[in-house]
Amino acid sequence: MPELPDVEMARRDLQRWLGGAEIRSARVLDPYIARGGSGVSPRTFARTLPGQVVQQVIRRGKWLRIELREGPRVFSHLGMTGSWIRLEAEAPAQRWERARFEIVSRGRSARESTVSYIDSRRFGRLLLAEDDIDEWRGLGPDPLDGGLEPAHLGPALARRRRAIKDVLMDQAVLAGIGNILATEALWHARIDPRAPSDSLAPAQVRALGRGLRTALDQELGDRLRGNPDVFSVYGREGEPCSRCKTALVRIVQAGRSTTFCPSCQVERHAGRQHPR
DNA sequence: CTCTATGTTTAATT
DNA sequence: GAATTAAACATAGA
């Protein structure tokens, strides 16, 4: 379940469950999940984490950083199918469970429970590192933290010329935008997903910022209310555009499918009109 | 069996 | 070199 809204929901859950809690045990059940990067070996989780108290859980784009009062930090990326759940303490192993923390929430009502990482497809990762990992450091600003400001978006988009759809999903430009959000936002902003990112007029950059905001709020709202997602164009190839009734079209860009309205998402150029 | 999938990285090709 | 594409990763579900 991974795009910014899902990761943000995961962050809130983890913050609620882990904030102020003491880690009793930390087990990486599937070493593959702790692969690569600047993280330490999977075995180090069990050695280092018990006794540590969680300070807070921070999100940037699709990455989560679990900060401890002292000691290293835990980084979590949900990949395509990762999720965090809470269980009874010492609960039986779950299907696709890849890691688990046994914790004690502190306070007058010290309560024990299990917080566990589930991931069928195993694209997600769980890393333990002393400092911020490269993946974290390479992230651009978060959309909910200034990333949508035209002052950032404008120059960032002007600096590249790949298709705008592709650039929006570049985590170094804007952290947290995935295929669904990019697709939806472009429809809201009436921008052709194939347009080079450096061809957008200032008004289009602003519209895109608003489009992203709309798509983000929509999805976040759906999560909060427990509603299933309702998309405007994503996954609706062949259906009529809700604005102009033209049949939505699906294309493939950078290996990902994009659905858009060929009629009202038109490519316009920023080119100055008749300079003299 | 075939196709697609909310993500990211790496190899191959242009 | 730079840019673009395809493939790979591992697995489920239609």
Side-chain angles (χ1 to χ4, degrees), chain A residues 1-11 28-39 59-64 75-84 94-99 117-127 133-140 142-143 157-187 193-199 212 215-223 227-239 248-260:
Chain A
M1 313 244 118
E3 248 186 287
L4 194 154
D6 302 289
V7 185
E8 174 58 18
M9 293 307 287
R11 187 197 69 76
V28 174
L29 311 173
D30 174 11
Y32 180 74
I33 223 69
R35 68 191 177 283
S38 20
R59 179 192 60 75
R60 188 149 152 215
K62 300 172 198 172
W63 277 95
L64 293 170
F75 293 86
S76 164
H77 192 296
L78 305 179
M80 203 99 108
T81 50
S83 65
W84 287 93
Q94 306 291 302
R95 192 181 186 195
W96 301 316
E97 183 174 11
R98 308 299 178 186
Y117 179 63
I118 313 291
D119 190 346
S120 65
R121 227 171 142 183
R122 301 208 280 166
F123 282 180
R125 300 209 278 158
L126 189 65
L127 302 172
I133 57 177
D134 293 344
E135 292 88 330
W136 177 274
R137 283 197 299 251
L139 295 173
D142 190 274
L157 299 184
R159 238 177 281 126
R160 354 221 151 188
R161 72 177 26 149
R162 276 173 296 145
I164 182 64
K165 159 81 186 315
D166 195 16
V167 175
L168 282 181
M169 293 193 297
D170 185 337
Q171 302 301 297
V173 171
L174 206 50
I177 303 304
N179 199 35
I180 294 179
L181 287 170
T183 298
E184 293 286 296
L186 287 165
W187 180 82
R194 298 161 297 186
S197 69
D198 64 353
S199 74
L212 284 161
L216 235 19
D217 286 349
Q218 168 77 47
E219 254 193 88
L220 219 34
D222 285 342
R223 293 285 178 296
N227 293 337
D229 281 317
V230 187
F231 300 123
S232 298
V233 286
Y234 179 79
R236 311 187 71 140
E237 168 188 19
E239 294 181 42
L248 299 173
V249 167
R250 186 177 82 98
I251 60 174
V252 173
Q253 295 181 283
R256 318 298 301 281
S257 65
T258 305
T259 309
F260 72 108

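Labels below follow one simple rule: chain letters A, B, ... track the order of the sequence lines, proteins then strands, and each chain is numbered from 1. None of these values were measured; they are calculated from a predicted model. No hydrogens, no waters, no symmetry mates; every other heavy atom, side chains included, goes into these values.
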Proximity to the side chain of A/E135 - top-ranked nucleotide from B/dT9, B/dG7, B/dT6: B/dT9
Rounded distance in Å - CZ (A/F75) to C1' (B/dT8): 17 Å
Closest nucleotide among C/dC9, B/dT4, C/dT4 to the A/F123 side chain: C/dC9
Any A/R256 side-chain N or O less than 4.0 Å from OP1/OP2 of C/dT5: no
side-chain N/O A/Q171 vs B/dG7 OP1/OP2, d < 4.0 Å: no
Gap between atoms CZ and P, on A/R60 and B/dG7 respectively (whole Å): 18 Å
Parallel, tilted or perpendicular: rings of A/W63 and A/F75 (30°, 60°): perpendicular
Between NZ on residue A/K62 and CD on residue A/E8, distance to nearest 0.5 Å: 14.5 Å
Whole-Å distance separating the OH atom of A/Y32 from the C1' atom of C/dA8: 9 Å
Candidate nucleotides C/dT11, B/dT6, C/dT4, ranked by approach to the side chain of A/R121 - the nearest: C/dT11
Opposite nucleotide pairing with C/dA10, Watson-Crick or G-U, both atom distances under 3.5 Å: none
Interatomic distance where CH2 belongs to A/W63 and C1' belongs to B/dT9 [whole Å]: 12 Å
Phosphate OP1/OP2 of B/dG7: any A/K62 side-chain N/O under 4.0 Å: yes
Sugar-phosphate, base or nothing in reach of A/G255, heavy atoms under 4.0 Å: nothing
Pair A/D198 + A/R161, salt bridge at N-O below 4.0 Å: yes
Short side-chain N/O contact from A/H77 to OP1 or OP2 of B/dT8, under 4.0 Å: yes
Carboxylate-amine/guanidinium contact A/D166 A/R160, below 4.0 Å: no
Nearest-neighbour nucleotide for the A/R95 side chain, C/dA12, B/dA5, B/dG7 considered: C/dA12
Value in whole Å for how far the C1' atom of B/dT8 lies from CZ of A/R125: 8 Å
P gap between B/dC3 and C/dA7, integer Å: 13 Å
A/D119/A/R122 ion pair, N-O < 4.0 Å: no
For atom CD1 of A/I118 and atom C1' of C/dA10, their distance in whole Å: 16 Å
Closest to the A/W96 side chain, choosing from B/dA5, C/dT4, C/dA12: C/dA12
A/R250 side-chain N/O to B/dT4 phosphate OP1/OP2 under 4.0 Å: yes
Phosphate-side-chain proximity, A/T81 and C/dA10, N/O vs OP1/OP2 below 4.0 Å: no
